[in-house]
Amino acid sequence: MLRALGREKPDRLPVTIHQWQPYHLQRYMGGVSDIEANRLCGLDASINFYEVDEPASRSWRVSAEARPADGYTETRYTIETPEGTLTTAEGQSPATTWVTEHLIKRDEDIELMRRYRPIPRLAREKAVQVRDALGDGGILRTFIWGKQGGCWQDACELHGLENMIYATYDKPDWVHAFLKILLEQKLKYVEQSLPGTPFDLVETGGGAASNTVISADIHRDYCLPYDTALHDAIKSLGHRVVYHTCGGMTRIAGFIRQNHCDASETLSPDTVGGDIKTDADAAQVYADLHPTLALIGGMDQFNTLQNGDEAEIRRQVGKLFHQYGQNGGYILSACDHFFDVPPENLKIFAKAAWEYTY
């Protein structure tokens with residue numbers, strides 16, 4: 001996997017998934033760890049560690065109240081600051097969580113974040129323990145603190161996607177002020193938490209920067225400059241960066257190439273919300289990115305891994321190898337999270353990939 005990230009040819013095609021979900025581990029894998037789940041399925045381990053320690057602050061006092069909602073649990077958070085109160089809420093099902101009330105509701109709320117929100121620190125000792133448990137069995141990834149790794153994507157979680165898109169037209173100066181606050185806080189997190197850590201890959205980005213969500217012009221103006229600054233800071237500490245776009249990427253591939261990341265994921269086909277619809281689309285993305293970046297992803301985790309039979313899984317593995325992996329620099333992976341993929345299909349996925357060697 002490290003050879004592939006270095007845009008070299010390994011002995012065989014690396015094969016993995018984006019991230020094990022606790023729901024899947026409990027329901028389908030007998031409650032084993034993510035490291036053990038990879039071993040049982042024959043996958044190359046790509047382990048994610050994101051845990052942080054939240055500092056106590058008298059100027060940012062958070063209280064939470066959980067209550068049942070319509071088929072899920074909603075947790076409401078109240079944040080007291082010296083100059084006002086912020087509220088937000090999240091829904092939680094057995095499979096996932098999502099925002100039900102955005103934190104930033106008024107323009108001036110971003111100033112409360114700037115002045116009073118404390119920066120957490122990575123749980124470094126636990127990260128080292130995970131690295132020790134993983135050993136040479138795979139790579140260790142982490143995520144830049146926030147609702148999402150990228151500044152634009154984080155802002156969309158905090159203020160609402162539609163609200164942010166409208167704001168780029170109605171109040172662009174406010175949008176840039178918001179993104180600069182998020183960038184400054186993320187840079188502080190990077191400076192405090194990432195030096196000397198054992199990560200092979202640091203993930204940034206997020207789906208809200210995809211060109212199936214925003215225009216290429218919005219990406220250029222409101223994603224690219226902030227992504228580049230964040231990536232430069234991470235890379236200055238010796239870490240590789242992967243830029244995650246779980247959506248359309250054909251019209252922003254040039255900007256991904258420019259943002260100083262080392263790898264690009266998720267290569268999502270149109271069947272899972274991307275815009276790689278044809279072989280020609282895949283060839284264009286490859287031509288745009290592969291000369292300078294490693295590539296990760298491509299496998300439809302729902303229509304193929306979850307619902308496909310062995311013949312279909314094998315056919316897709318071969319297709320993806322020929323589209324993206326023939327010259328190395330490619331890790332075959334499920335495009336993103338899944339919840340109900342049968343373990344037997346994951347084993348077929350892994351075994352099919354082992355057959356493609358260099």
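All values below were derived from every heavy atom in this structure, side-chain atoms included, with hydrogens, water molecules and symmetry-related copies excluded.
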Spell out, as yes or no, whether a donor-acceptor pair under 3.5 Å connects the side chain of [X] to the backbone of [Y].
| X | Y | result |
| --- | --- | --- |
| T78 | T85 | no |
| D281 | K277 | yes |
| R39 | A45 | no |
| S93 | A95 | yes |
| N48 | H18 | yes |

**Prompt:** Would E355 and K351 pass as an ion pair if we require N to O under 4.0 Å?
**Reply:** no

Can [Y] be reached from [X] by stepping across I, L, V, M, F, W or Y side chains whose heavy atoms are under 4.5 Å apart?
| X | Y | result |
| --- | --- | --- |
| V190 | W152 | yes |
| V242 | L134 | no |
| I214 | I256 | no |
| M29 | I35 | no |
| Y324 | I331 | no |

Only pairs under 3.5 Å count here: list side-chain donor-acceptor contacts from residues 52-62, not counting sequence neighbours, and write none if there are none.
| unit_1 | atom_1 | unit_2 | atom_2 | d |
| --- | --- | --- | --- | --- |
| S57 | OG | S59 | N | 3.2 |
| S57 | OG | W60 | N | 3.3 |
| R61 | NH1 | R58 | O | 2.9 |

Knowing that exactly one of [options] qualifies, which makes a side-chain hydrogen bond (donor to acceptor under 3.5 Å, both in side chains) with [X]?
| X | options | value |
| --- | --- | --- |
| R76 | E90, E65, E101 | E101 |
| H260 | D227, T228, D232 | D232 |
| H239 | T197, D200, D262, T142 | T197 |

**Fill in**
Contacts satisfying ring pair (Phe, Tyr, Trp, His ring centres under 6.0 Å) that involve residues 116-135 (not counting sequence neighbours) are none

Report yes if some heavy atom in the side chain of [X] is under 4.5 Å from a heavy atom in the side chain of [Y]; otherwise report no.
| X | Y | value |
| --- | --- | --- |
| I110 | W174 | yes |
| L112 | R117 | no |
| P225 | L179 | no |
| M299 | L305 | yes |
| D109 | L86 | yes |
| I296 | T266 | no |

**Item:** W145 ring center within less than 6.0 Å of Y50 ring center
**Value:** no

N/O donor to acceptor pairs below 3.5 angstrom from side-chain atoms of residues 10-17, sequence neighbours left out:
| unit_1 | atom_1 | unit_2 | atom_2 | d |
| --- | --- | --- | --- | --- |
| R12 | NH1 | D44 | OD2 | 3.1 |
| R12 | NH2 | D44 | OD1 | 2.9 |
| T16 | OG1 | D44 | O | 2.7 |

**Item:** Test side-chain hydrogen bond (donor to acceptor under 3.5 Å, both in side chains) applied to Y28 and H24, step by step
**Value:** CA-CA 5 Å; Y28 294 97; H24 190 275; over 6 Å; no

Heavy-atom closest contact ([X] atom, [Y] atom, distance):
| X | Y | answer |
| --- | --- | --- |
| K105 | T88 | NZ-N, 4.4 Å |
| Q185 | R114 | NE2-CA, 3.9 Å |
| T100 | G91 | CG2-N, 3.6 Å |

Look at the rings of [X] and [Y] and say which category their plane angle falls in: under 30° parallel, 30 to 60° tilted, over 60° perpendicular.
| X | Y | answer |
| --- | --- | --- |
| Y358 | F321 | tilted |
| H176 | Y222 | parallel |
| Y356 | H322 | perpendicular |
| F339 | Y23 | perpendicular |

**Request:** Go through the steps to decide whether T250 and I276 satisfy the test side chain to side chain contact (heavy atoms under 4.5 Å, CB included), and finish with yes or no.
**Result:** CA-CA 7 Å; T250 63; I276 301 176; 4.2 Å; yes

Take atom [atom1] of [X] as the centre, draw a 6.0 Å sphere, and report whether it contains more than 12 heavy atoms from other residues, nucleotides or ligands.
| X | atom1 | answer |
| --- | --- | --- |
| K171 | NZ | yes |
| E191 | CD | no |
| E83 | CD | yes |
| R121 | CZ | no |

**Message:** I'd like to know whether E312 forms a side-chain hydrogen bond (donor to acceptor under 3.5 Å, both in side chains) with Q316, so could you lay out the CA-CA distance, the side-chain angles of the two residues, the decisive distance to 0.1 Å, and finally the verdict.
**Reply:** CA-CA 6 Å; E312 174 62 13; Q316 287 294 334; 3.2 Å; yes

**Message:** side-chain hydrogen bond (donor to acceptor under 3.5 Å, both in side chains) for D275 and T212? Distances and angles first, verdict last.
**Reply:** CA-CA 7 Å; D275 65 346; T212 41; over 6 Å; no

